[in-house]
Number of protein chains: 2
Amino acid sequence: MSSLLIKNAKWVITPDKILKDTDIMIKDNQIIGFESDDADKTIDARNKIVMPGLINAHTHLPTVWTRGLIENKPTLEWVRSFNDFDTDSNLASLSAITGIQEALLGGTTTIVDCSYFSKEVAHIAHYMGVRIVLGQLMIDDGQSERTKDSIKKAKELVKYLASLKNNRISYAFAPHSVYRCSNELLISVVQLAKKHKVKLHIHLNESKSEIEMVKKQKNTTPLKHLDDLGVSKNILAAHCVHLTKQETDIVKKQGISIVHCPVSNLKLGSGIAPIENYLIAGIPILLGTDGPSSNNSLDMFETMKITALLLKLKNPAFPAIEILKMATSYAAKSLGIDAGKIEAGKLADLILLDTRSPHLQPLTRQEQLVNHLVFSAKSSDVKTVIIDGQVVLNH
Amino acid sequence: MSSLLIKNAKWVITPDKILKDTDIMIKDNQIIGFESDDADKTIDARNKIVMPGLINAHTHLPTVWTRGLIENKPTLEWVRSFNDFDTDSNLASLSAITGIQEALLGGTTTIVDCSYFSKEVAHIAHYMGVRIVLGQLMIDDGQSERTKDSIKKAKELVKYLASLKNNRISYAFAPHSVYRCSNELLISVVQLAKKHKVKLHIHLNESKSEIEMVKKQKNTTPLKHLDDLGVSKNILAAHCVHLTKQETDIVKKQGISIVHCPVSNLKLGSGIAPIENYLIAGIPILLGTDGPSSNNSLDMFETMKITALLLKLKNPAFPAIEILKMATSYAAKSLGIDAGKIEAGKLADLILLDTRSPHLQPLTRQEQLVNHLVFSAKSSDVKTVIIDGQVVLNH
């Protein structure tokens, strides 16, 4: 059993509470509590804020290499451009290494990723120590050969991930979207997801042109279509920029979680998801950067700030703490990961931020702390990243 | 005469052109050209991007100390909260030191500031080496004693700044707004501005509630009111979130420059300025962070990205290079400062960014460079800041 003591943390945000001048004791991969004890390793946190690691709930790591290359296109045109960019497994692996480095440096401890190269990403995540939920992207465009192939590859990946015996790596089936997946594929995937007791991670209602296309293809809207097929339970739905009132009710009723990706939605001209309405309806909201080619970063501090700004545009009184929870405790709960909080018994996924840069000054009153984390902190403030009790980064 | 050679810059963005593997020669405070020569000092720029320093065209440095303390309020309520925060000259000075440090670390070389403590800010800017356009904030709320006092203090500041004999420090008269300044004050200030050949820096049409107030007070809208008074020429207008068609025409006709402050406008719920329309009308747009208590940072890379995202929401094809120019060459032109470009004869206000962080990978093709600077670069990438030919920061 290995033990780790975080000593004299200036501030700890759990995020349900704020503690001052506190120790945190970790044994193996778990937080034990706030009583200090002898430890194999001690980290001095005197000038540091300690908070749960950030959870990036929607991205595509193997596309890192296209950063800054697919620009100035609206959503669907941008999606189609990927056909011109033939990622091979080497590029996917290099991209994943770079993307995971970027994510860790910015305080992200859990990534939800979907791509055609999940095996490569898993391999790299396994060695780099990040917690990851992987899904092999499934697209059949109505061709039955591709339906079978998609399912075969997804099944292979589930088997491969199990062989890694790594509790940081888990699975979610990832059919791309309603407009790129046949009903047969969607129905089969849901049965698989039920069997393996995992979520479906899917792009839903991202752009108006996508919705128009589904209306033409299937005479309904994307999320409504899933519900009509009977496959709308246990879904992690990326985007949901445009939902009808009826679809919002379905999301609530079926317990769907929405991953809000505001930077990508703005950049591709998809729109601004009305998450203030979703929150009122009691829908769980997670935050994602989306892939670096539609963002063009994996910076969750930036995504938190932009989420907060767009909510404040509608309601300036919207509290910053809710944003912090979307990126930590709420996200962990939706994903079924026992992390996202600094509490005894939780998985030890924590980050330490230096408080001494000019852009975090002053920080003398407790009421400033959460505002600073959401509106002023930068990924460069992150100095230490602990995942599953292991110090993955310390600089 | 002192000379400085920037050697082997990996990329130089002028921003009209992109150069590769280039030297830049500086003598005294001027860029001489791209031919290298013997120099007193040489900076190795092998892994660096060199670009003009960023221009933050609207902020309030003495309010840094209120960062994270005045939250969750809409625009006018937030403005009024400042009455509860009695800044004294010590706090103003400490705030200015911290704010200028933050700005320099983030690659800002010119700041346009207005506050009640411009003398203190000038004093600190003088020693810290930043280029600054200062304005003593004028508010009379219709009280004639305060009108006189405002004018007296502004005149004193003009005299004080002249006594510093520092070419980096210049002046702009800063009446706060139409709703807080009497017609007498506005008319007097314009005469002073004409006499001293400087601009007026004023908050205009920021929020709907401000506009409603002016409608009640003066039976017109703020910018229209200035035009009716005959004082709408040579203005640097912060915000302009809500302009009527008629006001947009006035802005164009009178040559007014607009400082777009998107982060502050979102955070206070003021709205999103339709700068896509202003650009079509040919109105010069500069970028500002606004004060750190409504942002809550002085990060111009962040402001460039958010400006770009909001423009892309309307038009995904909007080119990133235009954003970069708003923060550099266009801003310098509007302010009458002979900087903002890396060209022979221009003032040497330059920044160097390290290209090696994961979040800037890959950067192999020229077409990625500008996209990376607007969408992926961070203030932490800035390693060297040169202002007026002097190395102000190098780390």
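Quick note on labels: first sequence line is chain A, next is B, and so on, each numbered from 1.
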Rounded to the nearest 0.5 Å, what separates atom [atom1] in [X] from atom [atom2] in [Y]?
X	Y	atom1	atom2	result
A/I272	B/L310	CD1	CG	7.0 Å
A/L266	B/K314	CG	NZ	10.5 Å
B/N371	A/I70	CG	CD1	11.0 Å

In terms of heavy-atom proximity below 4.5 Å to chain B, should [X] be classed as side chain, backbone, both, or neither?
X	answer
A/L268	backbone
A/V374	neither
A/K378	side chain
A/E302	side chain
A/N295	both
A/S379	side chain
A/L309	both

Chain B interface, residue from [options] that has the most non-hydrogen pairs under 4.5 Å:
options	result
A/A317, A/P319, A/G269	A/A317
A/P74, A/G99, A/P292	A/P74
A/T66, A/V263, A/L298, A/T75	A/V263

Applying ring pair (Phe, Tyr, Trp, His ring centres under 6.0 Å), can you list everything that pairs with B/H372, at least two apart in sequence or on another chain? none
Heavy-atom pair of closest approach, residues A/Q368 and B/W65: NE2-O, 4.4 Å
Quick one: closest heavy-atom pair of B/G271 and A/L313, and the distance?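 The answer is CA-CD1, 3.5 Å.
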Checking A/D88 now: which residues fulfil side chain to side chain donor-acceptor pair (under 3.5 Å) with it, not counting sequence neighbours? none
Ignoring hydrogens and geometry, is there a side-chain-to-backbone donor-acceptor pair from B/R67 to A/Q361 under 3.5 Å?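 Yes: the side chain of B/R67 pairs with the backbone of A/Q361.
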Answer yes or no: does atom NZ of A/K20 have more than 12 heavy-atom neighbours from other residues, nucleotides or ligands under 6.0 Å? yes
Is the number of heavy atoms from other residues, nucleotides or ligands under 6.0 Å of B/K208 NZ greater than 12? no
Heavy-atom contact with chain A under 4.5 Å, split by part of B/L69: both
May I ask you to test the B/H359-A/D299 pair for a side-chain heavy-atom distance under 4.5 Å?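 Contact flag for B/H359/A/D299 side chains = no.
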What verdict does the side-chain hydrogen bond (donor to acceptor under 3.5 Å, both in side chains) test give for B/K305 and A/N296, after you've listed the backbone C-alpha separation in whole Å, the side-chain angles of each residue and the deciding distance to 0.1 Å? CA-CA 10 Å; B/K305 180 161 185 176; A/N296 301 344; over 6 Å; no
